[in-house]
Amino acid sequence: MSTRIAFLKGHGTENDFVIVPDPENALDLSPAAVAALCDRRAGIGGDGVLHVVRSAAHPEAREMAAEAEWFMDYRNGDGSVAEMCGNGVRVFARYLQHAGHVAEGDLTIATRAGVRTVHIAKDGDVTVGMGRARLPEGDVTVTVGERSWPARNVNMGNPHAVAFVADLAHAGDLYSAPPVSPATAYPDGVNVEFVVDRGPRHVAMRVHERGSGETRSCGTGACAVAVATARRDGTDPAVTGTPATYTVDVPGGRLVITERPDGEIEMTGPAVIVAEGEIDAEWLAHAVG
Ligand SMILES: N[C@@H](CCC[C@H](N)C(=O)O)C(=O)O
C-alpha cells in the first residue's frame, strides 16, 4: 500500500487552500508538488497551499519560534512562494483550532511577513492583525485591453496595485495578469485589485493574484484596497486619531477592515474547514514527474 499524506481543504471568503499539516517539516513540498495539489482538474484544487509547520522546524521561521509556535509556509497555486496571505492566515488559525492545537481566543502565527496575531471569535469569524501598510511613492498604471487606470502601490507584506474603476466588468476575464507599469515598481510581481464604490466606506473588488490568477477573494488585497480607498477619500487614522473601518465585498463574500491611528490594520471574516482526507504519495510523485 502506498504512503498517504494527510490534507484538509478550507477557504476564507472562497479564497481556497489545500492545507498540509507537516509539523516537523518532513515533506518535500516542491513548487511542482504544490502546483499538482492546487490543480483543479487533476489534483485537489486550490488557490494555494497552507503548509503547516512548527516554527522551530522551519529555517525561515526558527527566529520567530519563541513568539509563535506555528509557521504558515504559504505557497501560491503555481508553486511560487509569497510573503503573506491574509485569508490564508485566518484559515490556518481555523485549522489549528480544528486540530485541537489551539482554543478559540487569541494566538500568534509566524509568516514570512512576520508574526501575526489572530483572534478566533465565538461567533465563528476570525480576525487577524495584518500589520501596517506601506505606500511606496511613485505613479503606477494598470492596463486591461484599451483601458488604463492610475493605481496606488500598497505593500501589505506582499505587493499590490489598487485601481479604482467605473465597473468591475472593465477588468475583463482576468485570464492573464493585467500589465502594471512601470515594471520596476514591482520587481517580484504584483497582485492587482480593481475597485468600485458601493457606499460610504464600502467598496467591492476583483483581484488578479500573483501566482494564482483571479481568485474569489484576497485578504491582503482587501486591506490594500481599504487603505487606498481611505487615502483617496482624504482619510488617514494617523492624522484624525480615529480608527477607520471599511467593508470590502469580494466575489466570495465580505471582509471588514479597520485601520487604527497607530497604522495597525485588522481584518475580520469567515474561515472554514470543508473536508479532510489523504493524498496518495505515489500519485503526487508521479504528478511531479
Ligand atoms: N490570497 C492571499 C494572497 C496570497 C499571496 C499572493 N498571491 C501573492 O503572491 O502575494 C490573501 O488572502 O492575502
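One-based numbering, in listed order, for ligands and for the atoms of each.
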Can you list the steps and then say if Asn155 with His160 is a side chain to side chain donor-acceptor pair (under 3.5 Å)? CA-CA 6 Å; Asn155 192 295; His160 296 267; over 6 Å; no

Decide side chain to side chain donor-acceptor pair (under 3.5 Å) for Thr268 and Asp125; before the verdict, give the C-alpha distance in whole Å, the side-chain angles of both, and the deciding distance to 0.1 Å. CA-CA 7 Å; Thr268 300; Asp125 272 353; over 6 Å; no

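In terms of polar-atom proximity, Asn87 is counted as a contact of ligand 1, with an N or O under 3.5 Å from an N or O of the ligand. Polar contact check, Pro159 against ligand 1: no nitrogen or oxygen pair lies under 3.5 Å apart. Considering backbone and side-chain N/O of Asn158, one or more are found under 3.5 Å from N/O of ligand 1.
Every atom of ligand 1 is numbered from 1 in the order shown, and the set under 4.0 Å from a heavy atom of Asn76 is 4 (C), 5 (C), 6 (C), 7 (N), 8 (C), 9 (O). Those atoms of ligand 1 with a heavy atom of Tyr74 less than 4.0 angstrom away are 4 (C), 5 (C). Set against the non-hydrogen atoms of Gly86, the atoms of ligand 1 under 4.0 Å away are 11 (C), 12 (O), 13 (O). Distances below 4.0 Å separate heavy atoms of Ala82 from the following atoms of ligand 1: 5 (C), 8 (C), 9 (O), 10 (O). Of all atoms in ligand 1, numbered sequentially from 1 with element shown, those under 4.0 Å from a heavy atom of Asn15 are 1 (N), 2 (C), 11 (C), 12 (O). The atoms of ligand 1 that sit less than 4.0 Å from any heavy atom of Asn191 are 6 (C), 7 (N), 8 (C), 9 (O), 10 (O).
Aromatic ring orientation, His101 versus Trp70: tilted (interplanar angle from 30° to 60°).
Formation of a donor-acceptor pair under 3.5 Å by the Asn153 side chain with backbone atoms of Ala161 is not found in this model. Between the side chain of Arg132 and the backbone N or O of Asp262 there is at least one donor-acceptor pair closer than 3.5 Å.
The minimum heavy-atom distance linking Asn25 with Pro59 is given by the pair ND2-CD, 4.0 Å.
Only one option out of Asp249, Thr247, Asp197 pairs with His202 in a side-chain hydrogen bond (donor to acceptor under 3.5 Å, both in side chains); it is Asp249.
Heavy atoms of Met84 found under 4.0 angstrom from ligand 1 belong exclusively to the backbone. Counting heavy atoms closer than 4.0 Å to ligand 1, residue Cys218 contributes atoms from both its backbone and its side chain. Residue contacts with ligand 1, taken as heavy atom pairs separated by less than 4.0 Å, involve Thr220 via backbone and side-chain atoms alike.
Residues Glu193 and Arg206 are not paired through a salt bridge, judged by the lack of any N-O separation under 4.0 Å between the basic side chain and the carboxylate.
For the pair Arg116 and Met72, the minimum side-chain heavy-atom distance is 4.5 Å or more.
The single protein non-hydrogen atom nearest to atom 12 (O) of ligand 1 is Gly219 N, 2.6 Å, given as residue, atom name and distance. Among protein heavy atoms, atom 3 (C) of ligand 1 sits closest to Glu209 OE1, 3.4 Å. Looking at atom 2 (C) of ligand 1, its nearest protein heavy atom turns out to be Cys85 SG, 3.0 Å.
Neither side chain, Ser217 nor Glu14, offers a donor N or O lying under 3.5 Å from an acceptor on the other.
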